[in-house]
Amino acid sequence: MKTIMVDMDNVITDGSFKKYIEEFFDISFELDDLTEYAYVQEMTKADVKGFWNYVKNKNFYTDAPLLDGCFEVLKKLKEKYDVYIVTSYLWNETIDISGNNLSNKYYYLQKMLPFIKPEKYIFTTNKDLLNFDIRIDDRINNLNGATTKLLFTAWHNRSIPTNELKEKNIVRVNNWKDIEKVLLNNN
Ligand SMILES: [Mg+2]
């Protein structure tokens, strides 16, 4: 059975950061209008300290929906592949209470994707340490080493040109339906 690494943030869910930024700064914005990967840092720079103090004990996954199709497609993938969810949980700004974030991620995954056992969660900041046949992530750097590399489209990676992806043997997937097509329909 081939192994798959599935990233969590911006692949399984976008989390609640956007909501908290909007609440704290009393603004409204769309992720699609952004270009920077580090949008949280960008959008909170007017009052970094105040913002992190505001979210310090909040759950970054409260009321965060799964991205469209994630539940159904992951369930199907699990029948054919050995699926792992690999995610970082450290935020430099709240590193001393990162255990809370790990816990929130753990319970979010259990609640939202109950068919994936906790044994299949890997919490790490260094995905390079691991080997997988297939990797799905919104960051190119996290796709290294896999035979099948799927870049999940997010606001921060839309401008990466197709030829660059081709050179690196990376296939872009815009949503979970695309993942289904690549990993289930063509094999
Ligand atoms: Mg991610």
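Counting starts at 1 for both ligands and their atoms, following the listed order. Hydrogens, waters and symmetry mates play no part in the numbers below; they use all other heavy atoms, side chains included.
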Atom name of the N, O or S atom of Asp9 nearest to the Mg ion (ligand 1) is O

Looking at Tyr61, is Lys105 sitting on its ring face, NZ or CZ under 6.0 Å from the six-membered ring centre and within 45 degrees of the normal? no

Quick one: does Tyr89's side chain get under 4.5 Å of Asn104's, heavy atoms only? no

Distance-minimising heavy-atom pair for Thr3 and Asp133: N-OD2, 2.8 Å

Does Lys58 make a cation-pi contact with Tyr20 (under 6.0 Å, within 45 degrees of the axis)? yes

Minimum-distance N/O/S atom that Asp138 presents toward the Mg ion (ligand 1): OD1

Can you tell me the N, O or S atom of Asp7 that's nearest the Mg ion (ligand 1)? OD2

